[in-house]
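Let me begin by handing over the structure; questions about it come next.
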Amino acid sequence: MRCVLITGAAGFIGSHTSLLLLNAGYKLFLLDNFSNSSPISLNRIARLSKLSNNEVKERISIIKGDIRNLSLLERTFLTAKSQGEKITSVIHFAGLKAVGESFEKALDYWETNVGGTLTLLKAMEKNDCRTIVFSSSATVYGQSTQDSLIETDPVSPINPYGATKAAIERMLTNIAGCNSHTTPKQKSPSGWRIACLRYFNPAGAHPSGEIGEDPRNIPNNLFPLINQVGVGRRESLTIFGNDWPTIDGTGIRDYVHVMDIAEGHKAALDMLMLSEPICLILNLGTGKGTSVLELIEIFKLSTGIEIKYKFGPRRMGDSAISLANPKEALKYINWKSKRTLSDICRDGWNWQTSNPKGYDDAYSKD
Ligand code: NAD
Ligand code: UFG
């Protein structure tokens, strides 16, 4: 059985990807320190998989802990061995991800994102595990352009969070023995198999409404904020700027369904497993841009809910437009997004209305 360690597994993208891999027959070691998530999401994954209790015990091991803890990581590899299994690959989601916060806590971002990844890579190498799919981000590109972004565009982050993602990409291309950190596919002379997936704006939820996005504090991202205003948890939305050089003055982003992103991870992992040692750097986005005002309108058409908003100043570290050119992902891992913005709104709203307070609601009933 293929055995995968997933860091940050209880989080938004980690939980959806874990469910997909569980249903595809993988054995999973799910590691999280729950600093921005709830363990309830892992219970929900087990429930949604429809495996028997015994099968769940065989197929899922949950590890509460930190990616900066080398001995914990080494113990995880040893535990797999003691069960007659070998962790042959890692999907690495764990990290800090709030752009604004990264200006105030730059050192924490470098320690967790870069230091944590370094520790993880050491544990992997020591245990002869050289396959990793890494959560990179469109933030590595920095300043916006009117054109869609391709992987060969300059890496030039404009916030500390993006700088940590760019540094990790460099670290990974270095250990792969590759020259370039902007080439979509390169051979790895050192024998690693690596995929850096640059997600654009993941949003939505699993269609069941059982798992979704539930950040511990006030959300930073637009989509969960729209949902929380919709459900009455917040009074109104502040739109950060109406003077951007875009069709209606509000920021344009490439929103991509979280289940499409989860499928992108499976596609990348499956490709790495089959291929010679390579390093992939790929955008995961739809190639379609949507402004803040357009998203509010599509949300209303899809859910019937009107979102109250007001305009505020621009947010530090934001750009006008961020749009993917996703053609290299189609070429190298045969992935493209399948779901629409209406699907994102419908599924996200289903999650929000089924769990108005996120997983906190679940403590009594799960
Ligand atoms: P998330 O916060 O929901 O998930 C991250 C998970 O990592 C959380 O469960 C958190 O508890 C855990 N974690 C954090 N620090 C940890 C540590 N030191 N040790 C162990 N676990 C730790 O975020 P997400 O939206 O699911 O994002 C997953 C990854 O994708 C992140 O690396 C993020 O930077 C990246 N990414 C996210 C987006 C987005 O818009 N959601 C876009 C691009 C890239
Ligand atoms: N926005 C508002 N009001 C809010 C929040 C956001 O107007 O309260 C606007 C932003 O200005 C931007 C758009 O909504 O125009 C999207 O903002 P998000 O915060 O949802 O997303 P970002 O594009 O800023 O960043 C996200 C993730 C990053 C990731 C990046 C990749 O937060 O982790 O996408 O493009 F790296």
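Indexing begins at 1, ligand by ligand and atom by atom, following the structure's order. Owing to the predicted nature of the structure, the values given are computational and were not obtained by experimental measurement.
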What are the atoms of ligand 1, with element, lying closer than 4.0 Å to any heavy atom of Ser135? 29 (C), 30 (O), 32 (O), 35 (C)
Tyr255 neighbourhood, listing ligand 2 atoms whose heavy-atom distance to it stays under 4.0 Å: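 Counting atoms of ligand 2 from 1, those under 4.0 Å from Tyr255 are 13 (C), 16 (C).
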Between Gly11 and ligand 1, does any nitrogen or oxygen pair lie at a separation below 3.5 Å? yes
Within a distance under 4.0 Å of any heavy atom of Phe34, pick out the atoms of ligand 1 and give their elements. 11 (O)
With under 30° as parallel and over 60° as perpendicular, where do the rings of Phe299 and Trp349 fit, or are they tilted in between?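 Judged by the thresholds at 30° and 60°, the geometry between Phe299 and Trp349 is perpendicular.
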Ignoring hydrogens, just give me the one of Asn201, Ile321, Leu96 whose non-hydrogen atom is nearest atom 34 (O) of ligand 2.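 The option holding the nearest heavy atom is Asn201.
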Check if Gly65 has a non-hydrogen atom at a distance under 4.0 Å from any atom of ligand 1. yes
Starting from atom 3 (O) of ligand 1, which protein heavy atom do you reach first, and at what distance in Å? Phe12 N, 2.9 Å
Is there a nitrogen or oxygen of Asn33 sitting under 3.5 Å from a nitrogen or oxygen of ligand 1?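 There is such a contact, yes.
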Any N/O pair Ser136/ligand 1 closer than 3.5 Å: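 Looking only at distances, the answer is no, because the N/O contact criterion of under 3.5 Å is not met.
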For Asn220, take its heavy atoms, then give the atoms of ligand 2 lying under 4.0 Å from any of them.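 In order of numbering, the contacting atoms are 5 (C), 19 (O).
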Checking a contact table here: which protein heavy atom is nearest atom 3 (N) of ligand 2, and how many Å away? Thr238 O, 2.8 Å
N or O pair under 3.5 Å between Phe93 and ligand 1: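 Yes; at least one N/O pair falls below 3.5 Å.
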Mode of Ile252 contact toward ligand 2 - side chain, backbone, both, neither (heavy atoms, under 4.0 Å): neither
Heavy atom of Ala138, distance to ligand 1 below 4.0 Å: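 Not so, Ala138 does not reach ligand 1.
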Just jot down the ligand 1 atoms closer than 4.0 angstrom to any heavy atom of Ser35, in number order.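 It comes down to these atoms of ligand 1: 10 (C), 11 (O), 13 (N), 14 (C), 15 (N).
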Among the heavy atoms of Thr7, does any lie under 4.0 Å from an atom of ligand 1? no
Going by the atom numbers of ligand 2, which of them fall below 4.0 Å from some non-hydrogen atom of Ala138? 31 (C), 35 (O)
Decide whether the shortest distance between a heavy atom of Gly116 and an atom of ligand 1 is less than 4.0 Å. no
Quick one: does Ser319 get an N or O within less than 3.5 Å of an N or O on ligand 2?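 There is no such contact.
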Looking only at distances, please establish whether an N/O atom of ligand 1 is found under 3.5 Å from an N/O atom of Ala10.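 No: no nitrogen or oxygen of Ala10 is under 3.5 Å from one in ligand 1.
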Give the numbers and elements of all ligand 1 atoms closer than 4.0 Å to a heavy atom of Phe200. 42 (C)
Which of these, Arg198, Arg315, Lys97, Arg314, has its nearest heavy atom closest to atom 17 (O) of ligand 2?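 Of the listed residues, Arg315 has the closest heavy atom.
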Just let me know how Asp318 lines up against ligand 2, side chain, backbone, both or neither, with a heavy-atom cut-off below 4.0 Å.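 Side chain only; the backbone of Asp318 stays clear of ligand 2.
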Using a plain distance cutoff, I'd like to know if Thr112 has any nitrogen or oxygen under 3.5 Å from a nitrogen or oxygen of ligand 1. no
Please check whether Leu31 reaches ligand 1 - meaning an N/O of the residue sits under 3.5 Å from an N/O of the ligand, judged on distance alone.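 By distance alone, the answer is no.
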So which residues get pulled into Phe240's cluster when ILVMFWY side chains under 4.5 Å apart are joined, directly or through others? none
Would you tell me whether Glu101 and Tyr109 have side-chain atoms, one donor and one acceptor, within less than 3.5 Å of each other?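 Their side chains do contain a donor-acceptor pair, which is all the 3.5 Å distance test asks for.
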If you count every heavy atom of other residues, nucleotides or ligands that lies below 6.0 Å from Lys187 atom NZ, does the total exceed 12?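 Counting other residues, nucleotides and ligands, NZ of Lys187 stays at 12 neighbours or fewer.
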What atoms of ligand 2 come within less than 4.0 Å of a heavy atom belonging to Tyr199?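 Every atom of ligand 2 under 4.0 Å from some heavy atom of Tyr199: 31 (C).
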Part of Phe240 with heavy atoms under 4.0 Å of ligand 2, whether side chain, backbone, both or neither: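 For Phe240, backbone and side-chain atoms both sit under 4.0 Å from ligand 2.
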Test: ring pair (Phe, Tyr, Trp, His ring centres under 6.0 Å). Region: residues 165-211. Which pairs qualify, not counting sequence neighbours?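 Output for this query lists Tyr199-His265.
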State if Lys165 counts as touching ligand 1 under the rule of any non-hydrogen atom under 4.0 Å. yes
Ignoring angles and geometry beyond distance, decide whether Lys97 reaches within less than 3.5 Å of ligand 1 through its nitrogen or oxygen atoms.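 Between Lys97 and ligand 1, an N or O pair is found under 3.5 Å apart.
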Just which atoms of ligand 2 are under 4.0 Å from any heavy atom in Gly251? 15 (O)
Ligand 2 versus Phe223: contacting region, heavy-atom distance under 4.0 Å: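 None of Phe223 does.
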Is Asp32 close to ligand 1, meaning an N/O of one under 3.5 Å from an N/O of the other? yes
Between Val292 and ligand 2, which part of the residue brings a heavy atom under 4.0 Å of the ligand: side chain, backbone, both or neither?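 Only the side chain of Val292 comes within reach of ligand 2.
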Polar-atom distance check: Glu213 versus ligand 1, any N or O pair below 3.5 Å? no
Any N or O of Leu222 closer than 3.5 Å to N or O of ligand 2: yes
Numbered atoms of ligand 2 (with element) below 4.0 Å of Ile239, judged on heavy atoms: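 Those atoms are 7 (O).
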What is the closest protein heavy atom to atom 31 (C) of ligand 2, and at what distance does it sit?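 Checking every protein heavy atom, the shortest distance to atom 31 (C) of ligand 2 gives Phe200 O, 3.3 Å.
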Could you list the atoms of ligand 1 found under 4.0 angstrom from a heavy atom of Ser37?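 What qualifies from ligand 1 is 8 (C), 9 (O), 11 (O).
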